Amino acid sequence: MAHVVSSLDQPSNYKDSQTRVDRQRQNDLLAKSTTLYIGNLSFYTTEEQIYELFTKCASPEDGGGIKRIIMGLDRNTRTPCGFCFVEYYTHAEALASMRYVSGTKLDERIIRCDLDLGYKEGRQFGRGKSGGQVRDEHRQDYDPGRGGWGAQAQRIEIERRKEVEERYADAQDGPGAVAGGGGDWKQEDNAAQADRKLKRGRSPEDEGEADTRLGQRAKIEEDIEAERM
């Protein structure tokens, strides 16, 4: 029955396409590796959280422990993009992490651990066209822990929105479009309305009062003229 269940402390068959070693050489290096590749992380998982989890498999009393953690970064934004490297001091610690940590949850995500040939400068950056991991480039599902939709789906949505906006702009400028602006004639119209309010028509009462005033003035003028004579 031993052959039915694969050993938990054996590395996967993954081969880094950028590593120029044959399969036999790779197996020899992995047999001594102290470095783990950690995948399926949330973009929001911190280095402190990773340290706290993986230090459970460290053996400081035997001269071991975590040597360093290298967070995987988006090549363009330099923000975490869902993977990291954990380097121990001993090979036994790396194997223990594969046995006990791989497949457990961190930030509500089931993480994966695999032996790695060893970290080299530049490997901390995503290899996808958009700067992140390749797996997030073509992902079609919505994953809030890994930036929402896949990068390709996001590009398609951005292009669709841009096309709709351009089409709407063309419709605004095309035949039959509702004229925009019109600030000048609106201001003139408002001024005319205000002027009409000031210059409202006279009521009959106003006309009567005016006639009375005119009659009184004429009577006064006649009296003055009479006194002069």
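As the structure is a computational prediction, the values presented were derived from the model and not from experiment. Residue indices begin at 1 and follow the sequence shown.
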Group every Ile, Leu, Val, Met, Phe, Trp and Tyr by side-chain heavy-atom contacts under 4.5 Å, then state whether [X] and [Y] land in the same group.
X      : Y      : value
Ile111 : Phe43  : no
Ile66  : Met98  : yes
Phe85  : Leu95  : no
Ile69  : Tyr37  : no
Tyr89  : Leu117 : no

Taking [X] first and then [Y], would you say they form a salt bridge - that is, a charged N and a carboxylate O separated by under 4.0 Å?
X      : Y      : value
Arg109 : Asp143 : yes
Arg161 : Glu165 : no
Arg139 : Asp136 : yes

Please confirm whether the backbone N or O of [Y] pairs with a side-chain atom of [X], one donor and one acceptor, at under 3.5 Å?
X      : Y      : answer
Glu137 : Ser130 : yes
Glu166 : Glu163 : no
Gln140 : His138 : yes
Ser59  : Asp62  : no
Thr104 : Val101 : yes

Look up atom [atom1] in [X] and atom [atom2] in [Y], then write down how far apart they are to the nearest 0.5 Å.
X      : Y     : atom1 : atom2 : result
Cys81  : Arg75 : SG    : CZ    : 9.5 Å
Lys32  : Asn27 : NZ    : CG    : 12.5 Å
Met71  : Thr79 : CE    : OG1   : 10.5 Å
Lys129 : Asn76 : NZ    : CG    : 13.5 Å
Phe83  : Leu41 : CZ    : CG    : 9.5 Å
Leu30  : Arg25 : CG    : CZ    : 10.5 Å

Exercise: identify the closest heavy-atom pair between [X] and [Y]:
X      : Y      : value
Gly148 : Tyr142 : CA-CE1, 3.5 Å
Cys113 : Ser102 : N-OG, 3.0 Å
Ala58  : Gly65  : CB-CA, 3.7 Å

Legend entry - Flag for Thr45-Asp107: side-chain donor and acceptor within less than 3.5 Å: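 Side chains of Asp107 and Thr45: pair found under 3.5 Å.
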Inset, instruction - Assess the side chains of Gln26 and Asp22: does a donor N or O sit below 3.5 Å from an acceptor N or O? - result: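 No, no side-chain donor-acceptor contact under 3.5 Å.
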Do [X] and [Y] have side chains that get closer than 4.5 Å, going by heavy atoms?
X      : Y      : answer
Asp116 : Arg123 : yes
Phe54  : Leu36  : yes
Ile38  : Ile50  : no
Pro80  : Tyr44  : no
Tyr119 : Gln124 : yes

Legend entry - Linked hydrophobic residues, Val134 as query - side chain contacts closer than 4.5 Å: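 Members other than Val134 - counting any ILVMFWY side chain reachable under 4.5 Å - there are none.
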Legend entry - Pairs flagged by salt bridge (charged side-chain N to carboxylate O under 4.0 Å, His left out) wherever residues 78-95 is involved - sequence neighbours left out: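 Those involving residues 78-95 are Lys67-Glu87, Arg68-Glu87.
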Inset, instruction - Please check if atom CD in Glu52 has more than 12 non-hydrogen atoms from other residues, nucleotides or ligands closer than 6.0 Å. - result: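 At most 12 heavy atoms, drawn from other residues, nucleotides or ligands, come within 6.0 Å of this atom.
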Legend entry - Residues, nucleotides or ligands: over 12 heavy atoms within 6.0 Å of Tyr100 OH: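 Open.
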Inset, instruction - Could you walk me through whether Ser33 and Thr35 pass side-chain hydrogen bond (donor to acceptor under 3.5 Å, both in side chains), step by step? - result: CA-CA 6 Å; Ser33 176; Thr35 303; 4.6 Å; no
